Amino acid sequence: MSETAKRLVTAVILVAAGSGQRLGYGMPKAAVPLGGEPILMHALRGIVAAGISSQVCIALPAGDDGLRRLCEDFREELADGGPLLTIVDGGATRADSVRAGLEALMEGTEAVMVHDAARALTPESVFHRVVDALAAGAEAVIPAIPVVDTVKTVAATTGEGSVLAPEVVTGTAPREDLRAVQTPQGFRFRTLQRAHQAARTLEPRQAAAVTDDAMLVEMTGTAVHVVRGSTQSLKITTPLDLILAEGLLEGPLGARWVEG
């Protein structure tokens, strides 16, 4: 960050209301154990260690007393310092959870970072790159990494072609232009607030097609800037992802010290 850029008063909305069905543990994803602690605790410790936020607002599954107790215990750990910890009930969709978090932010908040608890091992440096870009004047910033696989667009096969395969290739996207997007995603507070207000007018089909907050901001015509993400910021969604995350934790240098 340049000497003239002043870091904004920043809050983090941690989305932790996912069901975790694909992990197969029969519990919310945030409660699934990773390296001896719930995924949620790794995410919270990472945010606090980054030292970029004055408030962390955690959106939990409604009525989940176990995760709420974990957060309250962690709040006691922070009694002598660290960000204010706020707990809200998450909604039926990710967007609903983020909106609940926005409504609970302190007055004077200038920037908001939306982070997925499932990206529990995100290095501190990624948080810093996002907040530094906001401080430099960006309205919206996302971390991303280059796509290494060839990506093709497809369509369902019809007629006689359907007996050969369920889909057929319609094109190949230029890989050099593609990025895999991660969190935390950072926004000026008013920018994200306006984007979510505008999203309330979307038809259900349009709303279902929105997969992250950056898409909502893009719809308002606001430029979304991109900074370097990290291969360590994997999203823990499947059992294989959990195995990879365990491997990162058990590595000789520890997950938060190796930049991917």
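Everything numeric here is computed off the predicted structure, so don't read it as measured data.
For the pair Arg119 (side chain) and Ser233 (backbone), a donor-acceptor distance under 3.5 Å is present. Panel note: side chain Gln206, backbone Glu203; a donor-acceptor pair is recorded below 3.5 Å. Formation of a donor-acceptor pair under 3.5 Å by the Arg75 side chain with backbone atoms of Leu85 is found in this model.
Contacts classified as salt bridge (Lys or Arg N to Asp or Glu O under 4.0 Å) and involving residues 91-100 (residues at least two apart or in different chains) are given here: Arg94-Asp116, Arg94-Asp213, Asp96-Arg99. Here salt bridge (Lys or Arg N to Asp or Glu O under 4.0 Å) pairs that include residues 53-68, with residues two or more places apart or in two chains, are Arg68-Asp89. Listed by first and then second residue, the ring pair (Phe, Tyr, Trp, His ring centres under 6.0 Å) pairs that reach into residues 81-124 are His115-Phe127, sequence neighbours excluded.
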Cut-off 3.5 Å, no hydrogens considered: what does the side-chain donor-acceptor table look like for residues 142-153, sequence neighbours left out?
from	atom 1	to	atom 2	distance (Å)
Lys152	NZ	Thr172	OG1	2.8
Thr153	OG1	Thr170	OG1	2.8
Thr153	OG1	Gly171	N	3.2
Thr153	OG1	Gly171	O	3.4

Using atom types as modelled, flag every donor-acceptor pair under 3.5 Å from a side chain in residues 48-63 to any protein atom, sequence neighbours excluded.
from	atom 1	to	atom 2	distance (Å)
Ser54	OG	Thr10	O	3.2
Gln55	OE1	Met106	N	2.9
Gln55	NE2	Thr86	OG1	2.9
Gln55	NE2	Ala104	O	3.1

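Inter-residue side-chain proximity for Leu102 and Phe189 is flagged as met; some heavy-atom pair is nearer than 4.5 Å. You'll find the side chain of Pro184 stays beyond 4.5 Å of the side chain of Val12, heavy atoms only. Contact annotation: the side chain of Val130 never approaches that of Gln185 to less than 4.5 Å [non-hydrogen atoms, C-beta and beyond].
Residues satisfying the side-chain contact (heavy atoms from CB on, under 4.5 Å) test with Ala30, not counting sequence neighbours, are Ala16, Leu40, Leu67. Checked against side-chain contact (heavy atoms from CB on, under 4.5 Å), Thr238 has the following partners two or more places apart in sequence or in another chain: Leu240, Asp241. When the side-chain hydrogen bond (donor to acceptor under 3.5 Å, both in side chains) test is applied to Glu37, the partners found at least two apart in sequence or on another chain are Arg45. Residues passing the side-chain hydrogen bond (donor to acceptor under 3.5 Å, both in side chains) test with Ser162: none are found, sequence neighbours excluded. In terms of the side-chain contact (heavy atoms from CB on, under 4.5 Å) criterion, residue partners of Val168 (sequence neighbours excluded) are, by chain and number, Thr157. Remark: Arg194 pairs with no residue by the salt bridge (charged side-chain N to carboxylate O under 4.0 Å, His left out) rule, at least two apart or across chains. For Glu246, the side-chain contact (heavy atoms from CB on, under 4.5 Å) test picks out Leu34, Glu250, with sequence neighbours left out.
Going from atom CZ of Arg188 over to atom CD of Gln193 covers 14.5 Å, rounded to the nearest 0.5 Å.
One side chain, Thr191 or Glu139, offers a donor N or O that lies under 3.5 Å from an acceptor on the other.
Val114 pairs with exactly one of Leu192, Thr183, Leu14 by the side-chain contact (heavy atoms from CB on, under 4.5 Å) rule, that one being Leu192.
Under a cut-off of 6.0 angstrom, the local environment of CD in Glu160 is sparse, with at most 12 non-hydrogen atoms contributed by other residues, nucleotides or ligands.
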